Amino acid sequence: MKKLFIFCIAIFFLSCEKDDVVFSNDCFTESIAIDSKINGGSILQTWVFASSGGKQETTISQKTNANWVSLSPIIAIDDKSEQFPPFKYDFPVSAEVEKMKVIIPKMVNSGLYNIMLKPLTHFGDVNENIRDSSFWGDFYVDREDVWQDIERTYTELFYEFAKLSEEFPEVKLLAIGNELKEFSKRRPQFFKELIAKIRADFPNLKLTYAANWDEYESISFWDDLDYIGINSYFPLVNKKTPSIVDVQQALVPVKNTLNTLSCQLEKPILFTEYGFRSIDYGAWEAWLLGNVTTSNHNYEVQNNSYIAFFETFWGEDWVAGGFFWEWKILINGEINNPKENGWYVNDKPVEEIIRDRYRD
């Protein structure tokens with residue numbers, strides 16, 4: 001009841017602002033309306049499940065009511081030039097697939113019967129990529145032969161991940177890339193061919209691409225996918241502790257742009273990642289706020305941002321749902337400290353907000 005009262009106040013103030021941008025959905029969305037929301041959470045620490053001797057489980061479903069999980073292993077490319085090529089670069093495909101064969105049953109045993117695989121590919125060993133940034137979104141190379149070598153092993157990795165859907169029917173969705181801004185912009189034909197190859201052999205597997213908030217408008221292969229995937233880290237409000245109304249107002253132009261794209265392409269929007277840090281200014285450029293610590297935690301900004309995000313998007317039939325970022329896995333007797341100021345939601349007040357929303 002208290003949350004409903006707060007939301008009603010928020011709507012009242014929004015309606016009183018004459019100069020604010022207003023959301024306007026002018027298109028017919030019945031053709032892309034989803035049957036049920038993907039109420040998902042993300043797990044980055046997949047290696048814990050692969051190396052825990054069968055003991056590690058997760059309570060993400062029980063504590064948040066999540067009905068989907070996104071498994072996001074970081075997979076780094078290897079420079080094999082010292083091992084007598086034919087190929088210079090390779091992803092450790094077999095090793096990563098074997099890990100997934102351990103991890104996926106543990107997800108099912110934890111009550112998660114809907115799984116998205118979303119590998120986070122890292123290209124740090126590609127020495128032709130001599131640039132200052134270590135962010136995979138900035139990765140590209142200048143030589144065609146290197147591109148082809150990388151694309152060969154990239155195709156093998158994602159094809160084998162897609163193949164897991166045959167052994168594990170719970171694997172229902174695959175993201176064929178994550179935040180690869182330069183790669184996706186410079187090599188769109190490669191991604192179209194990769195999508196076509198996977199579609200031909202695994203017709204029941206749904207496909208998306210996880211585009212960062214500053215990348216999605218430049219993606220040219222959305223037509224080939226089932227969902228427009230957005231990693232929603234838009235810088236919204238440059239305030240220490242923005243209110244629910246502040247964040248809602250800032251989300252209106254974002255919502256308009258995403259709705260227009262969804263309507264034009266007749267594809268639903270899927271938030272392949274969404275979330276906010278529990279830190280001062282956490283609804284702004286949170287990735288620039290330094291390492292996660294316990295010295296400056298702010299639950300209110302995280303709570304307000306999540307409430308505003310849900311109220312903005314979750315009631316729309318052109319939004320398929322999404323995966324909050326992220327759920328922490330405790331290992332080796334580790335005790336969670338909810339005062340840390342990162343994106344984790346475990347044992348923070350926002351956990352209840354997610355649980356209530358996902359219960360609906």
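Keep in mind that this is a model prediction, so the values were computed, not measured.
- Checking side-chain atoms of Ser262 against main-chain N and O of Leu258 turns up no donor-acceptor pair under 3.5 Å.
- With sequence neighbours left out, the salt bridge (Lys or Arg N to Asp or Glu O under 4.0 Å) criterion links Glu179 to no other residue.
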Would you sort out whether Lys206 and Leu174 count as a side chain to side chain contact (heavy atoms under 4.5 Å, CB included), showing the intermediate values? CA-CA 6 Å; Lys206 299 294 185 181; Leu174 173 68; over 6 Å; no
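- Aromatic ring pairs are classed by plane angle as parallel below 30°, tilted from 30° to 60° and perpendicular above 60°; the pair Tyr154 and Phe191 is perpendicular.
- Under 4.0 Å is where a charged nitrogen must lie from a carboxylate oxygen, and between Glu300 and Lys240 no such pair does.
- Using the six-membered ring where Trp is involved, Phe324 and Trp327 have ring planes that are perpendicular, over 60° apart on the 30 and 60° scheme.
- Side-chain contacts under 4.5 Å among hydrophobic residues (ILVMFWY), followed directly or transitively, place Ile279 together with Tyr281, Leu289.
- In summary, Asp90 and Arg152 engage in a salt bridge, as defined by a charged side-chain N under 4.0 Å from a carboxylate O.
- Remark: side-chain polar atoms of Asn341 are paired, donor with acceptor, to backbone N or O of Asn296 under 3.5 angstrom.
- Salt-bridge annotation for Lys267 and Asp223: absent, with no side-chain N of the basic residue lying under 4.0 Å from a carboxylate O of the acidic one.
- The salt bridge (Lys or Arg N to Asp or Glu O under 4.0 Å) check on Glu351 picks up Arg355, with sequence neighbours excluded.
- With hydrogens and angles disregarded, a donor-acceptor distance shorter than 3.5 Å links the side chain of Lys37 to the backbone of Trp314.
- Between atom OG1 of residue Thr64 and atom CG of residue Asp356 there is a gap of 11.5 Å, rounded to the nearest 0.5 Å.
- Using a 4.0 Å cut-off between charged side-chain N and carboxylate O, Asp226 and Arg199 make a salt bridge.
- With rounding to the nearest 0.5 angstrom, the OG1 atom of Thr241 is 4.0 Å from the CG atom of Asn298.
- Placement of Tyr299 and Val247 in two distinct hydrophobic clusters is found when ILVMFWY residues are connected by side-chain heavy-atom separations under 4.5 Å, directly or transitively.
- In this structure, Ile103 is a member of the same hydrophobic cluster as Ile60, with clusters built from ILVMFWY side-chain heavy atoms closer than 4.5 Å.
- Partners of Tyr358 under the ring pair (Phe, Tyr, Trp, His ring centres under 6.0 Å) rule, at least two apart in sequence or in another chain, do not exist in this structure.
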Could you give me the CA-CA distance, side-chain angles and deciding distance for Phe49 and Leu71, then say whether side chain to side chain contact (heavy atoms under 4.5 Å, CB included) is met? CA-CA 11 Å; Phe49 295 97; Leu71 300 177; over 6 Å; no
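- With rounding to the nearest 0.5 Å, the separation of CZ in Arg187 from CD1 in Ile150 is 9.5 Å.
- Residue Tyr274 holds its OH atom at 8.5 Å from OG of Ser42, rounded to the nearest 0.5 Å.
- Ser70 meets the side chain to side chain donor-acceptor pair (under 3.5 Å) test with Ser72; sequence neighbours excluded.
- Taking all atoms of both residues into account, the shortest heavy-atom contact from Ser61 to Leu112 is CB-CD2, 3.9 Å.
- Partners of Glu326 by salt bridge (Lys or Arg N to Asp or Glu O under 4.0 Å), not counting sequence neighbours: none found.
- A search for ring pair (Phe, Tyr, Trp, His ring centres under 6.0 Å) contacts involving Phe276 returns Tyr306, not counting sequence neighbours.
- Here the CE atom belonging to Met100 is positioned 13.0 Å from the CD atom belonging to Glu167, to the nearest 0.5 angstrom.
- For Glu340, the side-chain contact (heavy atoms from CB on, under 4.5 Å) criterion is met by Val292, Thr294, Tyr344, Lys348, not counting sequence neighbours.
- With hydrophobic clusters built from ILVMFWY side chains whose heavy atoms lie under 4.5 angstrom apart, Trp287 does not share a cluster with Trp284.
- Between Phe190 and Phe183, the ring planes lie parallel to each other; the angle is under 30°, not in the 30° to 60° tilted range.
- The main-chain N or O of Lys339 is found under 3.5 Å from a side-chain atom of Asn337 such that the two form a donor-acceptor pair.
- In this structure a side-chain-to-backbone donor-acceptor pair under 3.5 Å is missing from Asn39 to Ala66.
- Side-chain contact of Asn212 with Asn231: a donor-acceptor pair under 3.5 Å is absent, judged by distance alone.
- Under the rule for a side chain to side chain donor-acceptor pair (under 3.5 Å), the partners of Gln148 that lie at least two apart in sequence or sit in another chain are Glu144.
- When each of Asp224, Thr208, Leu207 is tested with Ile176 by the rule side-chain contact (heavy atoms from CB on, under 4.5 Å), just one qualifies, namely Leu207.
- Of the N and O atoms on the side chains of Ser243 and Asp246, at least one donor lies less than 3.5 Å from an acceptor on the other residue.
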Report, one line per pair, each donor and acceptor closer than 3.5 Å where one atom sits in a side chain of residues 155-163; sequence neighbours left out.
from   : atom 1 : to     : atom 2 : distance (Å)
Thr155 : OG1    : Glu151 : O      : 2.8
Tyr159 : OH     : Asp201 : OD2    : 2.6

Passes side chain to side chain contact (heavy atoms under 4.5 Å, CB included), Phe87 versus Thr153? Steps please. CA-CA 9 Å; Phe87 304 116; Thr153 187; over 6 Å; no
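- Under a 4.0 Å N-O distance rule, the pair Asp138/Lys181 does not qualify as a salt bridge.
- Leu288 and Val237 fall within the same hydrophobic cluster, where Ile, Leu, Val, Met, Phe, Trp and Tyr residues are linked whenever their side-chain heavy atoms come under 4.5 Å apart, directly or through other members.
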Please walk me through it: do Val102 and Glu98 pass side chain to side chain contact (heavy atoms under 4.5 Å, CB included)? CA-CA 7 Å; Val102 174; Glu98 289 307 309; over 6 Å; no
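- Side-chain atoms of Gln248 never come within 3.5 Å of backbone atoms of Ala308 as a donor-acceptor pair (strictly under, hydrogens ignored).
- Between Glu316 and Lys255 there is a salt bridge, with a side-chain nitrogen of the basic residue lying less than 4.0 Å from a carboxylate oxygen of the acidic one.
- The side chain to side chain donor-acceptor pair (under 3.5 Å) search around Glu334 returns Lys328, not counting sequence neighbours.
- Under the 4.0 Å criterion applied to side-chain N and carboxylate O atoms, Lys118 and Glu273 are assigned as salt-bridge partners.
- The aromatic rings of Trp343 and Tyr233 stand perpendicular to each other, their planes meeting at an angle above 60°, with 30° marking the opposite boundary.
- Here the side chains of Ser232 and Phe309 are in contact, with some heavy-atom distance below 4.5 Å.
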Check the pair Tyr209 / Tyr227 against ring-ring contact (aromatic ring centres under 6.0 Å, His included), numbers first and verdict last. CA-CA 8 Å; Tyr209 171 85; Tyr227 301 103; over 10 Å; no
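- In the hydrophobic cluster analysis, where Ile, Leu, Val, Met, Phe, Trp and Tyr join through side-chain heavy atoms closer than 4.5 angstrom, Val301 is grouped apart from Ile354.
- Residues meeting the side chain to side chain donor-acceptor pair (under 3.5 Å) test with Lys172, sequence neighbours left out: Asn114.
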